Amino acid sequence: MGEAFPWQEAPNADFCVIGDPVEHSRSPEMHMAAFEVLGLPYRYVRVHVPKGEASQALEHLRDRGYVGVNATVPHKEAAFEWAEEPDARSSRIRAANTLRLGTREATNTDGPGFLYTLNGLGLPRGARVLILGAGGSARSVAAALSDAGFNLAIWNRSPERVFRLLAETGVPAAVEDSPTLLGVRLVVNTTSVGLHGDRLPLDWSRCDPELVAYDLVYGNTPFLDQARALGLRTRDGTELLVAQGALSLE
Ligand code: NDP
C-alpha cells in the first residue's frame, strides 16, 4: 500500500495513476524505476479519484501541468469519455488506460499486454475462454482474445453490462447466466472482487485439469487460491502490469 493524494491535492508531478481504490497500485514504483533507467527526470504519483469524479479530476490534473495519466478501476470508461482524440483500439472498446493530457489523446494497452502474457501457456487457437466481469479491462481482454481466435464466453454479475460490451465492441461471445468451467481452457477474472477478498460464484468441481486460472488483480486472491488448491496452473496480474505498463510508458 502506498501514499495516494486526493485529486484536489495532487502534488507537483508529471504522471500519475488515478483509481478508487488506488493505494494498492504498483504503477508509481514501476514507472519511476523505468524513468531512472532511462535517465528521465519525471515524478509519478498515485491520485485517489472517487467514482464519478474522473472528468473533473482530469481537468484539474491537466491544469496542474500533468503530462500523462494511467486510469485504473473504475475509471477506464470515464477516461475514454474524457478524451477528445482516442485511438482506434480504445474507441473499439470504449475504455482507455493511458491518456496524454495536453492533446487529450487516449489509448488502451491492456489488450496487447494481456495477449503478450499468454505466451508460453500453450493455449491452442480456438480454445474456449471464460471471462468473468464486463468492466473496462474485460472489454480489452475480450477484444484481444477474440482477435487472436479464441472462443469466448462472458459472465458478469450484472448481465446487461455484458450485452452492452458485445453490442459496443462487436466481439462475438456466449453470455453465461452462471459461470461454468466445463470445457474451458482459460478462465480470466477481470472483476475487482479479489481486491476486497470476496468470492465469485464458481463451481470448480468439473473443470479440465489443463485449465489455466488468470486473475488480473496482482498478488494472491481467493480465486487463485481455489485454483491452486486443485493443482491448476495460475497467473496473477503482475506480468500484465508490466506488459501494459511498458506499452503505456512507450
Ligand atoms: P471496472 O470497474 O470497469 O469493472 C469491475 C468489474 O468487477 C465489473 O464487471 C463488476 O461487475 C465486477 N465486480 C465488482 N465487484 C464485484 C462483486 N462483488 N461481485 C462480482 N463482480 C464484481 O474495473 P476494471 O475492468 O477497470 O478492472 C477490474 C480489475 O482488474 C481491477 O481489480 C483492476 O485492478 C484489475 N486490472 C489489473 C491490471 C493489471 O495490470 N494487472 C490491468 C487492468 C485491470 P458489475 O458490472 O456487476 O458491477
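Each ligand, and each atom within it, is numbered from 1 in the order the structure gives. Fair warning: this is a prediction, and the values are worked out from it, not measured in the lab. These values consider heavy atoms only, across backbone and side chains, with no hydrogens, waters or symmetry-generated copies.
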Number the atoms of ligand 1 from 1 as they appear, then name those within less than 4.0 Å of a heavy atom of [X], with their elements.
X    : value
P74  : 2 (O)
G133 : 9 (O)
G237 : 39 (C), 41 (N)
V217 : 32 (O)
G136 : 3 (O), 25 (O)

Looking only at protein heavy atoms, identify the closest one to [atom] and say how far it is in Å.
atom                    : answer
atom 11 (O) of ligand 1 : N156 OD1, 3.3 Å
atom 16 (C) of ligand 1 : R157 NH1, 3.3 Å
atom 4 (O) of ligand 1  : G135 CA, 3.4 Å
atom 24 (P) of ligand 1 : S137 OG, 3.2 Å
atom 19 (N) of ligand 1 : V193 CG2, 3.3 Å
atom 6 (C) of ligand 1  : T191 CA, 3.8 Å
atom 29 (C) of ligand 1 : T190 O, 3.5 Å
atom 44 (C) of ligand 1 : K76 NZ, 3.4 Å

Among T98, N97, D110, N70, the one residue meeting side-chain hydrogen bond (donor to acceptor under 3.5 Å, both in side chains) with K76
D110
Only heavy atoms count here, so choose which of L200, V162, V73 is nearest to atom 23 (O) of ligand 1.
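Nearest option to atom 23 (O) of ligand 1, by heavy atoms: V73.
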Any idea which of L240, D236, L216 brings a heavy atom closest to atom 35 (C) of ligand 1?
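It is L216 that holds the nearest heavy atom.
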So which bit of A134 gets within less than 4.0 Å of ligand 1, heavy atoms only: side chain, backbone, both or neither?
backbone
Please determine whether a side-chain nitrogen of the Lys or Arg among [X] and [Y] lies less than 4.0 Å from a carboxylate oxygen of the Asp or Glu.
X    : Y    : value
E9   : R64  : no
R164 : E160 : no
E84  : R100 : no

In terms of heavy-atom contacts, does CG of D177 have more than 12 from other residues, nucleotides or ligands at under 6.0 Å?
no
Looking at Q8, I'd like to know if its CD atom is crowded, meaning that more than 12 non-hydrogen atoms belonging to other residues, nucleotides or ligands lie closer than 6.0 Å.
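Yes, enclosed.
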Heavy-atom side-chain proximity of R92 to V171 below 4.5 angstrom
yes
How about L181 and L202: do any of their side-chain heavy atoms sit closer than 4.5 Å?
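A side-chain contact under 4.5 Å exists here.
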Would you say ligand 1 has an N or O under 3.5 Å from any N or O of S192?
yes
Geometric N/O contact D110 with ligand 1, under 3.5 angstrom
no
Restricting to pairs with a member in residues 39-95, which pass ring pair (Phe, Tyr, Trp, His ring centres under 6.0 Å), not counting sequence neighbours?
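Counting only pairs at least two positions apart or across chains, the ring pair (Phe, Tyr, Trp, His ring centres under 6.0 Å) contacts touching residues 39-95 are W7-H60, F15-Y42, H31-Y44, F35-Y42.
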Nearest atoms (heavy-atom pairs only) where G113 meets A243
O-CB, 3.6 Å
Rounded at 0.5 Å granularity, tell me how far CD in E210 sits from CG in L186.
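One gets 12.5 Å once the value is rounded to the nearest 0.5 Å.
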